[in-house]
Visitor: 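Got a structure for you, questions after.
Remember, predicted model here, so these are calculated numbers, not experimental data. Residues take their numbers from the sequence shown, with the count starting at 1.
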Amino acid sequence: MRLVASVIMGFAMSGACVLAAPAGPEAKIVATVDAEQVRTLKFLETMVNQNSGSRNLEGVRKVRDLVVPEFTALGFTSRWIPMEQVGRAGHLVLTHKGRKGGKKLLLIGHLDTVFEPDSPFQTYVLKGDKATGPGVGDDKGGIAVILATVRAMQAAGTLKNANIEVFLTGDEEEAGSPTEVARADLVAAAKVADVALDFEGLSREDGKDMGSIARRSSQSWTLTLTAESGHSSGVWSAKAGDGAIYAAAKMVNAFREELPEPYLTLNVGLIAGGAEAEVATDNAHVSAQGKTNIIAGKVVARGDLRTLSPEQNRAAMRKMEAIVARKFPGVTSASITFSEGYPPMAPTAGNKALLAMLNQVNSALGLPEMQPLDPMKRGAGDISFVAEYLDGLVGLGPHSTGDHAPGETVDVPSLWTQAKRAALLMTRLAAEKSGK
């Protein structure tokens with residue numbers, strides 16, 4: 001059920017309403033996060049120094065084994081969902097049962113990183129208020145924030161009433177295939193939850209923390225077409241036509257001219273054409289062969305499509321299919337297929353209400369209001385798979401830079417700020433009634 005407007009009554013997004021500083025349990029939350037900084041950083045270091053590249057199945061399981069006891073000590077139960085059938089390690093689900101009828105919170109993060117065992121970037125290093133290491137921000141920093149959050153809630157006495165399910169996927173960076181299987185359990189968890197909180201990285205613009213209420217989709221497409229071939233002297237004739245390369249160029253150009261609209265982008269990443277052309281099994285290479293005096297008989301092209309809503313995504317695919325179905329001189333067959341990909345997370349009214357609640361927390365903590373981040377500046381992620389079922393917020397993990405590359409760096413103070421924000425937000429959400 002979507003959040004009702006009552007959750008934001010009396011709160012102005014302009015920041016005009018200033019709430020009292022934390023007191024009672026909320027003050028205890030803030031103090032606990034600060035008191036446990038060394039402990040939290042030590043655990044982050046331990047996680048980062050254990051490689052867990054998406055394809056390192058044993059490494060992902062070892063990170064799981066580090067995480068489980070930290071949560072079970074707080075009263076969570078753990079469940080491991082094996083995913084070898086899709087070529088990945090699996091997902092870790094940590095569940096805390098609170099008061100009956102209270103809101104159910106789904107916390108989303110991931111155990112894996114982009115850095116496989118053969119990467120030269122393997123070690124955690126702390127220098128002042130910055131720490132570097134594989135996954136130190138994305139997303140082991142997010143797991144550290146979740147742990148600091150629930151520890152602080154326990155110390156303040158607010159965890160006991162909270163219904164929380166922490167869902168840590170083992171393949172966020174390179175999802176297992178088919179994704180329908182790889183994300184089935186996450187979707188099932190979302191269908192019984194009220195709110196999704198995503199603990200990937202905090203976005204900043206011009207030094208200001210931003211609130212993320214939307215993510216665009218990420219979906220690959222493949223265009224394949226064949227055409228009459230023959231000697232090049234006959235090109236453009238009524239018999240031979242234009243060949244496959246001319247036709248593909250016209251189709252791709254039509255994509256560029258007819259599809260653009262706000263929040264939609266369409267990229268052509270690979271293309272090959274000639275007498276023969278094909279896409280390699282890894283979908284990352286294309287090859288072609290032919291001669292200058294032969295009319296091209298085949299073209300293959302691959303690219304991606306990104307949209308902001310399911311409706312926009314469906315409309316874009318239909319437009320692309322219609323363009324490919326047009327008649328082009330000499331073309332004998334043409335088709336376009338779309339991958340499963342990551343669906344979009346639209347900026348719904350419920351998501352905006354959650355950001356308003358987070359800004360109430362910011363006011364209580366004496367922090368600036370967080371404005372909504374432009375969805376064009378946020379990539380796809382696991383929360384997108386559940387966005388159609390419940391309200392959500394993205395970016396509750398720490399702020400980091402250089403993600404997915406050697407030198408990935410987390411801003412250490414952001415760990416504490418994010419844990420305080422999340423703990424107060426979750427405490428307030430947990431006190432509300434469930435809509436499911």
Side-chain angles (χ1 to χ4, degrees), residues 22 24-52 59-78 92 94-96 105 107-111 113 122-160 162 164-168 197 199-202 361 365 367 396-400 408-427 430:
E26 292 192 346
K28 180 66 174 177
I29 284 172
V30 171
T32 301
V33 170
D34 287 334
E36 297 209 335
Q37 289 182 10
V38 173
R39 182 184 183 187
T40 301
L41 274 183
K42 182 61 179 176
F43 183 65
L44 176 59
E45 177 181 7
T46 301
M47 286 192 293
V48 170
N49 284 335
Q50 171 57 59
N51 180 277
S52 59
V60 171
R61 288 190 285 263
K62 286 181 178 180
V63 174
R64 170 203 65 190
D65 293 341
L66 294 172
V67 170
V68 167
E70 301 294 331
F71 282 85
T72 55
L74 297 169
F76 285 76
T77 59
S78 69
L92 176 61
L94 301 153
T95 304
H96 184 277
L105 312 182
L107 280 53
I108 301 173
H110 58 94
L111 301 165
T113 77
Q122 295 288 345
T123 307
Y124 175 94
V125 177
L126 177 64
K127 291 184 179 179
D129 63 357
K130 305 291 182 185
T132 62
V136 71
D138 184 18
D139 188 40
K140 291 172 181 177
I143 296 173
V145 169
I146 295 174
L147 183 57
T149 295
V150 294
R151 278 181 180 159
M153 291 175 68
Q154 185 197 49
T158 65
L159 180 62
K160 64 178 181 294
I164 300 171
E165 187 156 276
V166 182
F167 202 110
L168 303 177
L197 302 176
F199 282 80
E200 286 198 290
L202 167 69
V361 168
L365 291 170
L367 298 171
L396 290 168
H399 176 66
S400 57
E408 179 177 328
T409 301
V410 72
D411 174 53
V412 172
S414 71
L415 290 160
W416 325 133
T417 301
Q418 292 294 81
K420 293 169 188 176
R421 280 174 171 150
L424 265 64
L425 178 64
M426 289 166 56
T427 292

Visitor: Provide the closest heavy-atom pair for Thr113 versus Lys140 in the form atom of the first, atom of the second, distance.
Guide: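 Looking at all heavy atoms of both residues, the closest pair is CG2-CE, 3.9 Å.
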Visitor: Do the side chains of Val150 and Val166 get nearer than 4.5 Å, heavy atoms only?
Guide: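 Side-chain contact under 4.5 Å: no.
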Visitor: Within this structure, what is the CD-NE2 distance for the pair Gln154 and His96, rounded to the nearest 0.5 Å?
Guide: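 Here the interatomic distance stands at 7.5 Å.
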Visitor: Could you walk me through whether His110 and Asp138 pass the side-chain contact (heavy atoms from CB on, under 4.5 Å) check?
Guide: CA-CA 8 Å; His110 58 94; Asp138 184 18; 2.9 Å; yes
Visitor: Output the distance between atom CZ (Arg61) and atom CG (Leu66), rounded to the nearest 0.5 Å.
Guide: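 Arg61 atom CZ to Leu66 atom CG measures 14.0 Å (nearest 0.5 Å).
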Visitor: Say you draw a straight line from NZ of Lys127 to OG1 of Thr132; how long is it, rounded to the nearest 0.5 Å?
Guide: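 The NZ atom of Lys127 sits 7.0 Å away from the OG1 atom of Thr132.
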Visitor: Do Leu425 and Leu197 make a side-chain contact, defined as non-hydrogen atoms from C-beta onward lying under 4.5 Å apart?
Guide: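 Touching, per the 4.5 Å side-chain cut-off.
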Visitor: Step by step, would you call Met153 with Thr149 a side-chain contact (heavy atoms from CB on, under 4.5 Å)?
Guide: CA-CA 6 Å; Met153 291 175 68; Thr149 295; 4.1 Å; yes
Visitor: Evaluate the side-chain proximity of Leu415 to Val412: yes if any heavy-atom separation is below 4.5 Å, no if none is.
Guide: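 Sidechains of Leu415 and Val412: in contact.
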Visitor: Might you point out which heavy atoms bring Leu396 and Val145 nearest each other, and give the distance in Å?
Guide: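 Closest pair (atom of Leu396, atom of Val145, distance): O-CG1, 3.6 Å.
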Visitor: Between the side chains of Gln418 and Arg421, is a donor N or O closer than 3.5 angstrom to an acceptor N or O?
Guide: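 Yes, because at least one side-chain N or O of Gln418 sits under 3.5 Å from a partner of the opposite role on Arg421.
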Visitor: Considering all heavy atoms of both residues, which atom of Pro25 and which atom of Thr158 are nearest to each other, and what is their separation?
Guide: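 Closest pair (atom of Pro25, atom of Thr158, distance): CB-CG2, 3.9 Å.
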Visitor: Give me the atom names and distance for the closest heavy-atom approach of Phe43 to Val67.
Guide: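 Heavy atoms only, the tightest pair is CZ-CA, 4.0 Å.
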Visitor: Let me confirm one number: the CD1-CZ distance from Ile143 to Phe199, rounded to the nearest 0.5 Å.
Guide: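 Here the interatomic distance stands at 11.5 Å.
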Visitor: Measure the shortest side-chain to side-chain distance between Leu365 and Pro22 over non-hydrogen atoms and say whether it is less than 4.5 angstrom.
Guide: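 When only atoms from C-beta onward are counted, Pro22 and Leu365 do touch, with a gap below 4.5 Å.
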Visitor: List the steps and the verdict of side-chain contact (heavy atoms from CB on, under 4.5 Å) for Leu367 and Lys420.
Guide: CA-CA 11 Å; Leu367 298 171; Lys420 293 169 188 176; over 6 Å; no
Visitor: To the nearest 0.5 Å, how far apart are CD in Glu200 and OG in Ser400?
Guide: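 These two atoms lie 9.5 Å from each other.
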Visitor: Working to the nearest 0.5 angstrom, can you tell me the gap between Phe167 CZ and Leu107 CG?
Guide: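 The distance works out to 12.5 Å.
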Visitor: Grab the two heavy atoms, one from Asp129 and one from Pro413, that are nearest each other, plus how far apart they are.
Guide: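 Closest pair (atom of Asp129, atom of Pro413, distance): O-CD, 3.5 Å.
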Visitor: Side-chain contact test, heavy atoms from C-beta onward, threshold under 4.5 Å: evaluate it for Leu159 versus Phe76 and give yes or no.
Guide: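 In short, these two side chains touch, coming nearer than 4.5 Å.
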Visitor: Measure from the side-chain N and O atoms of Glu408 to the backbone N and O of Gly137, and report whether any donor-acceptor pair falls under 3.5 Å.
Guide: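 Looks like yes, one N/O pair under 3.5 Å.
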Visitor: Looking at every heavy atom in both Gly109 and Asp139, which two are closest together, and how far apart are they?
Guide: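 Shortest heavy-atom contact: CA-OD2, 3.2 Å.
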Visitor: Is the NZ atom of Lys28 crowded by more than 12 outside heavy atoms at less than 6.0 Å?
Guide: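 Check fails, neighbour count at 12 or below.
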Visitor: Taking the side chain as every heavy atom from C-beta outward, state whether Lys42 and Glu45 have any pair of such atoms under 4.5 Å apart.
Guide: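 Contact flag for Lys42/Glu45 side chains = yes.
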Visitor: Could you check if a side-chain atom of Leu44 sits within less than 4.5 angstrom of a side-chain atom of Leu41, using non-hydrogen atoms only?
Guide: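 In contact.
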Visitor: Do the side chains of Leu74 and Leu147 get nearer than 4.5 Å, heavy atoms only?
Guide: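 Side-chain contact under 4.5 Å: yes.
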